[in-house]
Novice: 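Once you've had a glance at the structure underneath, I'll fire off some questions.
Worth saying up front: this structure is predicted, and the values here are computed from it rather than measured. Below, chains carry the letters A, B, ... as their sequence lines are ordered, and counting in each starts from 1.
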Number of protein chains: 4
Amino acid sequence: MAPKTKEQFAKIREDRKEEILNAALELFAKQGITHTTMQDIARKANISKGLIYNYFSSKEDLLNELIKSFINHLYDFFDPDGDGILTTEEMKYFIEQQVSTFKMNIDYWKFLYMLLIQPSAQEMMDKLQLEVLTSKMWKMIATYFKKHNFEDPESETWLFHTTLDGIVMNYIFNPDKYPIDNVKDLLIKRYCKPL
Amino acid sequence: MAPKTKEQFAKIREDRKEEILNAALELFAKQGITHTTMQDIARKANISKGLIYNYFSSKEDLLNELIKSFINHLYDFFDPDGDGILTTEEMKYFIEQQVSTFKMNIDYWKFLYMLLIQPSAQEMMDKLQLEVLTSKMWKMIATYFKKHNFEDPESETWLFHTTLDGIVMNYIFNPDKYPIDNVKDLLIKRYCKPL
Amino acid sequence: MAPKTKEQFAKIREDRKEEILNAALELFAKQGITHTTMQDIARKANISKGLIYNYFSSKEDLLNELIKSFINHLYDFFDPDGDGILTTEEMKYFIEQQVSTFKMNIDYWKFLYMLLIQPSAQEMMDKLQLEVLTSKMWKMIATYFKKHNFEDPESETWLFHTTLDGIVMNYIFNPDKYPIDNVKDLLIKRYCKPL
Amino acid sequence: MAPKTKEQFAKIREDRKEEILNAALELFAKQGITHTTMQDIARKANISKGLIYNYFSSKEDLLNELIKSFINHLYDFFDPDGDGILTTEEMKYFIEQQVSTFKMNIDYWKFLYMLLIQPSAQEMMDKLQLEVLTSKMWKMIATYFKKHNFEDPESETWLFHTTLDGIVMNYIFNPDKYPIDNVKDLLIKRYCKPL
DNA sequence: CATGAATGAGTATTCATTCAT
DNA sequence: CATGAATGAATACTCATTCAT
C-alpha cells in the first residue's frame with residue numbers, strides 16, 4: 001500500500017533504461033538506425049512507445065546515450081595496464097583481447113561501424129571522443145613497434161590498426177564464415193616475435 | 001531537325017540513366033541512402049522527380065541498378081590478366097592498382113561499404129554477386145602465397161583481404177589524414193619479396 | 001500525533017485543491033491552457049501528477065473548477081452595495097474598484113479573456129453564468145445613465161462595458177506600458193459629472 | 001499532352017496557397033490555433049495533408065504566412081489618405097471604416113485577438129510589426145484630439161484605441177447580439193463634434 | 001493519501017510514388 | 001518525353017489518464 005520509495009523508483013528507472021538501450025542496440029545493429037522505429041524498440045523492450053520518451057527525450061538522445069554507454073564499454077575492453085609499455089607477451093595478450101572483444105560484443109561493433117560509415121561520422125567521432133581512447137593505444141603500439149625495430153613504426157602502427165578494423169568489418173559482416181582465430185594467430189605470429 | 005533515329009533515342013535514354021545513377025551515387029555516398037530523397041537525386045541530375053520513374057521503377061530499383069553498375073566497374077578495376085598466376089611484380093602492381101582504385105573511386109567504395117554494413121548485406125552480396133569476382137582474385141592471391149611459401153597461405157589470404165578492407169574503410173572515412181600510400185608501401189614490402 | 005479529525009482532513013483537502021487551482025491559474029495565464037500540461041501544474045504545486053486526479057477528475061474538470069472559483073472571486077470584485085442605485089460618488093468608486101481589480105488580479109483576467117476568445121466561448125459563458133452577474137451590474141449602470149440624462153443610455157451602457165473590456169485587454173496585454181490610471185481618470189471625468 | 005507551363009504551375013501554386021490560408025484562417029478563428037490540426041485544414045481545403053507541406057514548411061510557417069497576409073489586409077483596411085491630418089469629417093469616416101472593417105473581416109480580427117492574447121504575443125507583435133502601422137494612426141488621432149481641445153489628448157488617444165479594442169472584442173465574441181452600430185454612433189457623437 | 005511508471009490515442013511531418021497535363 | 005502537384009502510408013513525439021505499490 002505504501003508508495004514506492006525513491007530507491008525503488010530509481011532502480012526501476014535504471015533497469016528500464018538499460019532494457020531500452022539493449023533493445024535499441026540490438027535492433028540498430030540488425031536493421032540499421034534509420035530503419036529501426038521507436039515502435040520497434042518499444043516492442044522489443046516489451047513496453048509502450050510513449051514510455052521510451054520517459055527515459056530518452058528523442059531518438060537522437062537515445063542514440064547518444066547508446067554511444068555514451070558504448071564508450072564506457074570500450075574502456076572496459078581496452079583498459080591498458082597502466083605503464084603504457086607493451087611487452088611482447090602483453091602485445092599478444094592485447095591482440096587476443098581485442099579479438100575476443102570483437103567476438104563478444106558483435107552488436108556493439110556493428111553499431112560502431114554503422115556510425116562511422118555514416119555521413120555524420122565526423123560529428124559522431126567527436127561525440128564518441130574515440131580519439132582520447134585511441135591515442136593512448138596508439139602510442140603504446142607505436143612505441144612497441146619502435147622498440148621492436150620495425151622499419152617504419154609510424155606506418156606500421158597505421159597498418160596494424162587498419163588490419164584490426166578490417167578484422168572487425170569482416171567478422172561483423174560474416175561471423176560464421178570469417179576465420180577470425182586463424183587470422184588472429186597470423187597476426188600474433190607477425191607482430192609478437194620475441195626481441 | 002530530322003526526327004531522331006531509334007538508336008539516338010536509345011543513346012539519350014542511356015545517357016540520362018547514367019546521369020541519374022551518377023547523381024544518386026554521389027548523394028548516397030555523401031548523405032547515406034536513406035537520407036537521400038528522390039527529390040535530391042532529381043535536383044542533382046537537373047530533371048524532375050517524375051522523370052526518374054521513367055527510367056527506374058522505384059528507389060529500390062535505382063539502388064539495384066547502381067549496384068549492377070558498380071559491379072561492372074569492379075570488373076574494370078580488378079580485371080586480372082588472365083592466366084591467374086601472379087608474379088611478384090604483378091602482385092606489386094595489383095596492390096598498387098587496388099589502392100589507386102580506392103583513391104579514384106571513393107564514392108563507389110563508400111557506397112559499397114555502406115551497403116555491406118547495412119542490415120540486408122547478405123542479400124546485397126547476392127545481388128552484388130561479389131563472390132564470383134572475389135573467388136577469382138581469391139584463388140590468385142592464395143596461389144601466390146602458396147608459391148611464396150607463406151606458412152598458412154589460406155589464412156594469409158584472408159588476412160590480406162582483411163587488410164585491404166581495413167584500408168578502404170580508413171581511407172573513405174578519412175581520406176585526408178589516412179596515410180594510404182605509406183600503408184601501401186609497407187604492404188608491398190611485406191608481400192612482394194622476390195622469391 | 002493525534003489522528004486527524006474529519007474536519008482537519010476536509011481542510012487539508014480544501015487547501016490542497018486551492019493550491020492546485022492557483023498553480024493552474026498562474027500557468028494557464030502565462031502559457032495558455034493548451035500549452036500547460038498536468039505535469040506542469042503538478043510540479044508548480046509541488047505534488048505528483050497522479051495526485052491531481054485525486055482532486056479533479058480531469059483537466060477539463062480542473063478548468064471548470066477554476067472557472068467556478070473565478071466566478072466567486074468576481075462576486076467579491078463586484079459586490080454592489082445592494083440597493084442597486086448608483087450615486088455619482090458610487091459610480092466613481094465602482095470604476096476605481098474595477099480598475100483596481102484588474103490590476104490586482106491580472107492572472108484571473110488574462111485567464112478569463114483567454115477563455116472568452118476561445119472557440120467554445122459560448123459554452124464557457126454558460127458555465128461562467130456571467131450573465132447573472134453581469135445583468136445586475138448592467139441594470140445598475142443603465143439606470144445610472146438614464147438618471148444622468150445620457151442621450152442613449154442603453155447604448156451608453158454597452159459602450160461603457162465595451163470600454164472596460166478594452167481596458168482589461170490592453171492592461172493584461174501590456175501592463176507595463178498601458179497608462180491604465182490615466183485612462184481611468186478620463187473615464188471618471190466623462191461619466192461621473194455631478195447631476 | 002504538353003506539360004504544364006511555368007505560368008500554369010505558378011497560378012496553381014498561388015491559388016492553392018490562398019485556399020489553404022483561407023481554410024486555416026477560418027478554422028483558427030473558429031477552433032483556435034492549437035485545436036486546429038493540419039488534417040482539419042487539409043480537409044477544409046479539400047486536399048491531402050501532405051500537400052500543405054508542399055506550400056508551407058510547417059504549421060508554424062503557415063501561421064506566419066497567415067500573419068503576413070493579415071498585415072497586408074490591415075494596410076488595406078487602414079490606409080490613411082496621406083496628409084496625416086484628420087478633419088472632423090474624416091474622423092467620422094475613419095470610425096465608420098473601422099467598424100465596417102470589423103464587420104467584414106470577423107475571422108481576421110478573431111485571429112488577431114487570439115494571437116494577441118496568447119502567451120507569445122510579444123513575439124507575435126514583433127512579427128506583426130503592428131507598431132509601424134499603429135504609430136501612424138496613433139499620431140493622427142492624437143493630433144486630432146489636440147486640435148479639438150480635448151483636455152488630455154494623450155490619454156484620450158489611449159482611451160479611443162482602448163474603446164476600439166473593446167468593440168472588436170465584443171463584436172467578434174458575439175456578433176449577433178452586440179449592437180455595434182449603436183455603439184459606433186455614440187462614438188461618433190462623442191468624438192466628431194465640429195470644432 | 002501519494003508516487004511516478006506506464007499506456008495509447010492523437011498530431012505534425014516526411015517522402016516514395018502516381019498522374020493529369 | 002517531362003513536369004511538379006497531389007496522395008497517403010509511415011514515423012517521431014506529446015500528453016491526459018490509469019494503476020500498482
Novice: Give one of base, sugar-phosphate or nothing for C:Leu51, where a contact means two heavy atoms less than 4.0 Å apart.
Specialist: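 Counting heavy atoms under 4.0 Å across all strands, the contact made by C:Leu51 includes a base.
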
Novice: Closer than 4.0 Å, any side-chain N/O of A:Arg16 to the OP1 or OP2 of E:dA5?
Specialist: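 For E:dA5, neither OP1 nor OP2 has a side-chain N or O of A:Arg16 closer than 4.0 Å.
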
Novice: If you pin D:Ile12 and B:Arg13 to their nearest nucleotides in DNA chain F, which one's is more 5'?
Specialist: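 Closest to the 5' end, via its nearest nucleotide, is B:Arg13.
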
Novice: Under the 3.5 angstrom rule, does the side chain of A:Glu26 hit a backbone N or O of A:Ala23 as a donor-acceptor pair?
Specialist: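 Looks like no, no N/O pair under 3.5 Å.
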
Novice: Contact class for B:Arg43 (heavy atom, under 4.0 Å): base, sugar-phosphate, or nothing?
Specialist: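 No contact at all - B:Arg43 keeps every heavy atom at 4.0 Å or more from the nucleic acid.
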
Novice: Kindly say whether D:Thr34 contributes a backbone atom to a donor-acceptor pair with the side chain of C:Thr34 at under 3.5 angstrom?
Specialist: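 It does not hold such a pair.
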
Novice: Within the 4.0 Å heavy-atom criterion, would you say A:Tyr55 contacts the bases, only the backbone, or no part of the nucleic acid?
Specialist: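 Sugar-phosphate, no base atom in range.
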
Novice: Should the heavy atoms of other residues, nucleotides or ligands under 6.0 Å from CD of A:Glu14 be counted, would the total exceed 12?
Specialist: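 Atom CD in A:Glu14 is not packed in, count stays at 12 or less.
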
Novice: For D:Thr34, which contact category applies under a 4.0 Å heavy-atom criterion: base, sugar-phosphate, or nothing?
Specialist: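 No contact.
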
Novice: Could you state the NZ-P distance from A:Lys17 to E:dA5, rounded to the nearest angstrom?
Specialist: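 Distance check: A:Lys17 NZ to E:dA5 P gives 12 Å.
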
Novice: Take the protein atom NE2 of A:His35 and the nucleotide atom C1' of F:dT11, then report the distance between them rounded to whole Å.
Specialist: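 It works out to 12 Å between those atoms.
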
Novice: Just to be sure I understand the rule, does C:Ser57 reach a base, reach only the sugar-phosphate, or reach nothing, if contact means heavy atoms closer than 4.0 Å?
Specialist: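 No contact at all - C:Ser57 keeps every heavy atom at 4.0 Å or more from the nucleic acid.
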
Novice: Rounding to an integer number of Å, can you tell me how far C:Ile52 CD1 sits from E:dG4 P?
Specialist: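 My rounded result for the distance is 12 Å.
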
Novice: Fit a plane to each ring of D:Phe111 and D:Phe70, take the angle between them on a 0 to 90° scale, and name the class: parallel (under 30°), tilted (30 to 60°) or perpendicular (over 60°).
Specialist: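 D:Phe111 vs D:Phe70 ring planes: perpendicular.
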
Novice: Out of E:dT11, F:dC13, F:dA6, which has the shortest distance to the side chain of D:Thr37?
Specialist: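 My answer, after comparing the listed nucleotides, is E:dT11.
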
Novice: Can you list everything that forms a side chain to side chain donor-acceptor pair (under 3.5 Å) with A:Asp15? Sequence neighbours excluded, please.
Specialist: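 By the side chain to side chain donor-acceptor pair (under 3.5 Å) rule, A:Asp15 matches A:Lys11.
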
Novice: Considering every strand and a 4.0 Å limit on heavy-atom distances, what is the contact class for A:Ile47: base, sugar-phosphate, or nothing?
Specialist: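 Sugar-phosphate contact only - A:Ile47 comes under 4.0 Å of backbone atoms but never of a base.
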
Novice: Can you tell me the distance, in whole Å, between the CE atom of A:Met38 and the P atom of F:dT11?
Specialist: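 Going from CE in A:Met38 over to P in F:dT11 covers 13 Å.
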
Novice: Does a side-chain heavy-atom distance below 4.5 Å link D:Arg13 with D:Asn54?
Specialist: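 A side-chain contact under 4.5 Å exists here.
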
Novice: Taking five pairs at each end, how big is the angle between the two axes of the helix from E:dA2-F:dT21 to E:dT21-F:dA2, to 10°?
Specialist: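 Angle reported: 10°, given to the nearest ten degrees.
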
Novice: Expressed in angstrom and rounded to an integer, what is the separation of B:Gln31 atom CD from E:dC15 atom C1'?
Specialist: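 Value for this atom pair: 14 Å.
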
Novice: Within the pair D:Lys49 and F:dG8, is there a side-chain N or O less than 4.0 Å away from OP1 or OP2?
Specialist: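 No.
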
Novice: If you check the B:Tyr53 side chain, which of E:dT13, E:dT17, E:dA6 turns out closest?
Specialist: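 Among E:dT13, E:dT17, E:dA6, the one nearest the side chain of B:Tyr53 is E:dT17.
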
Novice: For A:Gln8 and E:dG4, what is the distance between atoms CD and C1' respectively, to the nearest whole Å?
Specialist: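 Rounded to the whole Å, the gap is 12 Å.
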
Novice: Mind listing the closest non-hydrogen atom pair of A:Lys17 and A:Tyr55 along with its distance?
Specialist: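 Taking every non-hydrogen atom into account, CE-O, 4.1 Å.
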
Novice: Name the residue closer to the 5' end of DNA chain E, choosing between A:Asn54 and B:Ile33 according to the nucleotide with the nearest heavy atom.
Specialist: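 This one resolves to A:Asn54.
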
Novice: For D:Asp107, is there an ion pair with D:Lys110 - N to carboxylate O distance below 4.0 angstrom?
Specialist: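 No, this pair does not count.
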
Novice: Tell me which of C:Lys59 and A:Gln39 sits closer to the 5' end of DNA chain F, going by the nucleotide each one is nearest to.
Specialist: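 Nearer the 5' end of the strand: A:Gln39.
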
Novice: Can you tell me how far C1' of E:dT7 sits from CG of A:Asn46, to the nearest Å?
Specialist: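 One finds 14 Å between C1' of E:dT7 and CG of A:Asn46, rounded.
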
Novice: What is the distance from NZ of D:Lys6 to C1' of F:dT3, rounded to the nearest Å?
Specialist: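 Going from NZ in D:Lys6 over to C1' in F:dT3 covers 11 Å.
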
